[in-house]
Amino acid sequence: WSILDRRQQTLKNDAVPVFEKASKTSAIIQSTPVGVKKLHCDYSIDGLDEGGTFWHVTHWEDDANVFGFIHEDAIDN
């Protein structure tokens, strides 16, 4: 299940893992760049392995290109 909810999310830490799929067992395709604390997200989705909620990231600012999924634990609510 996914919810379209375009927003900018604030990260708790630097170098957050970005997953290929909405699963913590998926390949980590990159980490968020050090110093980038806010990312543009398109939607949230339930994890493929029932591991919580993931946000789909499409961010092309701050000299950073980030595309993939980040787990809700990395988001500062």
Side-chain angles (χ1 to χ4, degrees):
W1 180 252
S2 69
I3 299 172
L4 182 61
D5 189 11
R6 292 189 179 123
R7 65 172 66 188
Q8 192 172 57
Q9 294 286 12
T10 302
L11 302 175
K12 290 180 182 177
N13 301 303
D14 286 327
V16 168
V18 180
F19 298 94
E20 181 179 30
K21 299 177 184 176
S23 170
K24 284 189 172 182
T25 60
S26 175
I28 296 174
I29 53 176
Q30 69 182 113
S31 295
T32 58
V34 174
V36 174
K37 294 300 252 181
K38 295 186 182 231
L39 293 175
H40 297 286
C41 298
D42 298 321
Y43 60 88
S44 62
I45 188 167
D46 292 336
L48 297 173
D49 53 7
E50 299 182 18
T53 301
F54 286 78
W55 283 90
H56 185 258
V57 178
T58 52
H59 183 89
W60 288 279
E61 288 183 11
D62 309 313
D63 295 325
N65 296 321
V66 183
F67 182 82
F69 293 91
I70 56 173
H71 191 267
E72 65 185 339
D73 288 346
I75 303 293
D76 188 15
N77 292 329

S.K.: Can you give me the closest heavy-atom contact between Ile29 and Gly68, atom names plus distance?
M.R.: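 Answer, listing the atom of Ile29 first, then Gly68: CD1-CA, 4.3 Å.
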S.K.: Less than 3.5 Å apart, any donor N or O on the side chain of Ser23 or Asp49 sitting next to an acceptor on the other?
M.R.: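 Per modelled atom types, Ser23 and Asp49 side chains form a pair under 3.5 Å.
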S.K.: Could you grab the distance from atom CG of Asp76 to atom OG1 of Thr10, nearest 0.5 Å is fine?
M.R.: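 Between Asp76 CG and Thr10 OG1, I get 6.5 Å after rounding to 0.5 Å.
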S.K.: Minimum heavy-atom separation for His71 and Gly52, please, with both atom names.
M.R.: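 Here His71 and Gly52 meet closest at NE2-CA, 4.0 Å.
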S.K.: State the CD-CD1 distance between Glu72 and Ile45, to the nearest 0.5 angstrom.
M.R.: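 It is 13.0 Å, given to the nearest 0.5 Å.
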S.K.: So, do Phe67 and His56 sit near enough that their side-chain heavy atoms are less than 4.5 Å apart?
M.R.: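 Phe67 reaches His56 side chain to side chain.
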S.K.: Check whether any side-chain N or O of Gln8 sits under 3.5 Å from a backbone N or O of Lys38 as a donor-acceptor pair, and report yes or no.
M.R.: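 No, because the side chain of Gln8 does not come within donor-acceptor range (under 3.5 Å) of the backbone of Lys38.
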S.K.: Look at the side chain of His40 and the backbone N and O of His59, then say whether any donor-acceptor pair between them is shorter than 3.5 Å.
M.R.: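 Not confirmed, His40 side chain does not pair with His59 backbone.
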S.K.: Is Leu48 linked to Ile70 within one hydrophobic cluster, defined over Ile, Leu, Val, Met, Phe, Trp and Tyr using a side-chain heavy-atom separation of less than 4.5 Å?
M.R.: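 No, Leu48 does not connect to Ile70 through the hydrophobic network.
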S.K.: Once salt bridge (charged side-chain N to carboxylate O under 4.0 Å, His left out) is applied, what residue pairs with a partner in residues 26-36 remain, sequence neighbours excluded?
M.R.: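 Sorted result for residues 26-36: empty, none.
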S.K.: Less than 3.5 Å apart, which donor and acceptor atoms pair up between the side chains of residues 11-22 and the rest of the protein, not counting sequence neighbours?
M.R.:
unit_1, atom_1, unit_2, atom_2, d
Lys12, NZ, Asp73, O, 3.2
Asp14, OD1, Gly35, N, 3.1

S.K.: Could you measure the distance from the CH2 atom of Trp55 to the CG atom of Asp42? Nearest 0.5 Å is fine.
M.R.: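 Going from the CH2 atom of Trp55 to the CG atom of Asp42 covers 9.5 Å.
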S.K.: Between Phe69 and Phe54, how do the two ring planes meet: parallel, tilted or perpendicular, split at 30° and 60°?
M.R.: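 The rings of Phe69 and Phe54 stand perpendicular, inter-plane angle above 60°.
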S.K.: Verify, without hydrogens or angle tests, whether Gln30 (side chain) and Asn65 (backbone) share a donor-acceptor contact under 3.5 angstrom.
M.R.: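 Yes; judged by distance alone, with no hydrogens or angles, the pair exists.
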